[in-house]
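The model shown is predicted, which means the values in this text are computed figures rather than measured ones. Index from 1, following the sequence.
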Amino acid sequence: MNDEMCLEIIDKIFLNVFNEKNPFSIDRTFEVFAFDMKLPKKVYDSTTGEETWADSINPTQFITMKNAEKIDIDRGWMLETEEINSLEELLNTWKKVNYTTTERVFDSIDVVKSDTVYRSEKVYQSTNCGDSKNLVFCDGCYDSEFVLASSRSTNCSFCIRVDDSANCSNSYNVVCSGKISNSLFIQDCNNMHECMFCSHLANKKYCISNMQFEREKYFEIKRAIISWILNS
């Protein structure tokens, strides 16, 4: 997994969600779509100085999972017993082994800049994700593929900024909803197809701001909305 592969994933997501080519770099994509997300941040392995990525930057000492496993194999983590005369001495001794493990990736391939990923493939700067493929800037996504800048969602595909939702596809900016497809700006809805700016509705099609539209007019407005999203 590298930047080129990441951009390929973003390109495919954009084509499915907006029917437009992605106009952004990786950094600009982060600024526009993932600016407010809790994602792994760059830190440095305290034992080697190498760059690594961690869920939390609050700890002061880090070690990659790879290097932690190497120490475990080479010499182990036990220390020689010594006399402890104060709490300060005790804490200083603990500091010798108290490293926060980073880039925790399990049963996965092609995962970079990520921490805590399970049984996944092609994941870029994401955290707490599993059983998924082709994720970029995601937090808490499972059983999903081709998802960008989304959180706490499952069974989603080709989505951008989908939060606390399930069974969504080809959609952008969906919150606390289920069974949403080909839609933009949806909140607290269920079973919606080709809708925009809708809240608290179910089983609807070609609705905008909770109003019913004819198909032709709907797509005319949708094209304008997509242009606004990509150019504003």
Side-chain angles (χ1 to χ4, degrees), residues 1-18 20-45 47-57 62-73 99-163 165-172:
M1 184 65 166
N2 53 36
D3 286 359
E4 183 179 352
M5 294 167 66
C6 177
L7 276 173
E8 288 177 359
I9 292 170
I10 295 172
D11 289 345
K12 290 180 180 179
I13 295 171
F14 267 67
L15 284 173
N16 278 269
V17 175
F18 301 126
E20 294 280 352
K21 185 177 179 180
N22 166 36
F24 304 121
S25 65
I26 294 176
D27 288 343
R28 185 60 181 153
T29 299
F30 176 86
E31 291 171 358
V32 174
F33 299 101
F35 62 92
D36 58 347
M37 296 190 60
K38 178 188 175 295
L39 297 172
K41 293 179 173 58
K42 182 167 67 174
V43 295
Y44 294 91
D45 187 309
T47 65
T48 65
E50 64 189 289
E51 177 183 298
T52 183
W53 296 78
D55 277 345
S56 171
I57 60 172
F62 301 92
I63 187 170
T64 66
M65 190 169 74
K66 175 188 65 177
N67 289 336
E69 290 173 345
K70 187 175 186 301
I71 289 176
D72 194 38
I73 293 171
Y99 299 99
T100 296
T101 308
T102 64
E103 295 188 61
R104 294 163 292 176
V105 176
F106 306 95
D107 301 318
S108 303
I109 59 173
D110 289 332
V111 177
V112 298
K113 300 183 179 181
S114 300
D115 193 13
T116 319
V117 175
Y118 306 93
R119 303 172 301 279
S120 296
E121 181 179 345
K122 294 184 179 178
V123 178
Y124 189 97
Q125 199 173 347
S126 297
T127 183
N128 187 27
C129 295
D131 304 301
S132 299
K133 294 181 179 180
N134 304 300
L135 303 183
V136 178
F137 304 141
C138 287
D139 175 10
C141 292
Y142 285 78
D143 299 300
S144 298
E145 61 177 350
F146 289 102
V147 175
L148 168 65
S150 297
S151 303
R152 302 174 302 278
S153 297
T154 60
N155 290 307
C156 294
S157 61
F158 295 102
C159 287
I160 303 173
R161 288 193 68 85
V162 171
D163 299 332
S165 299
N167 304 307
C168 299
S169 61
N170 308 311
S171 295
Y172 171 68

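- Aromatic ring pairs are classed by plane angle as parallel below 30°, tilted from 30° to 60° and perpendicular above 60°; the pair Tyr118 and Phe106 is parallel.
- Using a cut-off of 4.0 Å between Lys/Arg side-chain N and Asp/Glu carboxylate O, Asp55 and Lys41 are scored as not salt-bridged.
- A pairwise comparison of heavy atoms in Ala149 and Cys138 identifies N-SG, 4.0 Å as the closest pair.
- In terms of heavy atoms, Ser126 sits closest to Pro40 at O-CG, 3.3 Å.
- Residue pairs meeting the salt bridge (Lys or Arg N to Asp or Glu O under 4.0 Å) criterion with at least one partner in residues 128-151, sequence neighbours excluded, are Arg119-Asp131.
- Annotation: Phe18 is in aromatic contact with Tyr172 [ring centroid separation under 6.0 Å].
- A distance of 14.5 Å separates CZ of Arg161 from OG of Ser171, quoted to the nearest 0.5 Å.
- Annotation: the span from Asp115 atom CG to Thr101 atom OG1 amounts to 9.0 Å, rounded to 0.5 Å.
- Of all non-hydrogen atoms in Cys159 and Ser150, the two that sit nearest each other are O-OG, 4.2 Å.
- With respect to Lys122 and Asp110, no salt bridge is recorded, no charged nitrogen being found less than 4.0 Å from a carboxylate O.
- Between the CG atom in Asn2 and the CD atom in Glu8 there is a gap of 8.0 Å [rounded to 0.5 Å].
- Between Ile9 and Cys6, the closest side-chain pair of non-hydrogen atoms is not below 4.5 Å.
- The shortest distance between side-chain heavy atoms of Val147 and Val162 does not fall below 4.5 Å.
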Step-by-step side chain to side chain contact (heavy atoms under 4.5 Å, CB included) determination, Phe158 to Asn170: CA-CA 5 Å; Phe158 295 102; Asn170 308 311; 3.4 Å; yes

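- With sequence neighbours left out, the ring pair (Phe, Tyr, Trp, His ring centres under 6.0 Å) criterion links Tyr44 to no other residue.
- Checked by atom type and distance alone, the side chain of Thr102 never pairs as donor or acceptor with a backbone atom of Ala54 at under 3.5 Å.
- Using a 4.0 Å cut-off between a side-chain N of Lys or Arg and a carboxylate O of Asp or Glu, Lys66 and Glu103 do not qualify as a salt bridge.
- Of all heavy-atom pairs spanning Arg152 and Asp163, the tightest one is NH2-CB, 4.2 Å.
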Evaluation steps, side chain to side chain contact (heavy atoms under 4.5 Å, CB included), between Phe30 and Leu39: CA-CA 11 Å; Phe30 176 86; Leu39 297 172; 3.7 Å; yes

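- Residues Lys12 and Phe146 approach most closely at CD-CE2, 3.6 Å, considering heavy atoms.
- We find the OG1-CD distance between Thr127 and Gln125 to be 10.5 Å, quoted to the nearest 0.5 Å.
- In this structure, CD1 on Ile10 lies 6.0 Å from CZ on Phe137, to the nearest 0.5 angstrom.
- Residues satisfying the salt bridge (charged side-chain N to carboxylate O under 4.0 Å, His left out) test with Glu20, not counting sequence neighbours, are none.
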Derivation and outcome, side chain to side chain contact (heavy atoms under 4.5 Å, CB included), residues Met37 and Ser151: CA-CA 8 Å; Met37 296 190 60; Ser151 303; 3.2 Å; yes

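- In this structure, the side chains of Thr47 and Tyr99 come closer than 4.5 Å at one or more pairs of heavy atoms.
- The salt bridge (charged side-chain N to carboxylate O under 4.0 Å, His left out) search around Glu31 returns Arg28, not counting sequence neighbours.
- For Ile57, the CD1 atom sits in a loose shell: 12 or fewer heavy atoms of surrounding residues, nucleotides or ligands are nearer than 6.0 Å.
- In this structure, the side chain to side chain donor-acceptor pair (under 3.5 Å) partners of Asn67, at least two apart in sequence or on a different chain, are Asp45, Glu50, Thr64.
- With values rounded to the nearest 0.5 angstrom, Asn128 atom CG is found 6.5 Å from Thr116 atom OG1.
- Ser25 and Leu7 get closest at one heavy-atom pair: C-CD2, 4.3 Å.
- If you check the side chains of Tyr124 and Asn134, you find no donor sitting under 3.5 Å from an acceptor.
- Residues satisfying the side-chain contact (heavy atoms from CB on, under 4.5 Å) criterion with Ser132, sequence neighbours excluded, are Ser120, Leu135, Ser144.
- In this structure the side chain of Thr100 never reaches within 4.5 angstrom of the side chain of Ile63, judged on heavy atoms.
- More than 12 heavy-atom neighbours from other residues, nucleotides or ligands sit within 6.0 angstrom of NZ on Lys38.
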Test log, rule ring pair (Phe, Tyr, Trp, His ring centres under 6.0 Å), inputs Phe33 and Phe14: CA-CA 12 Å; Phe33 299 101; Phe14 267 67; 5.7 Å; yes

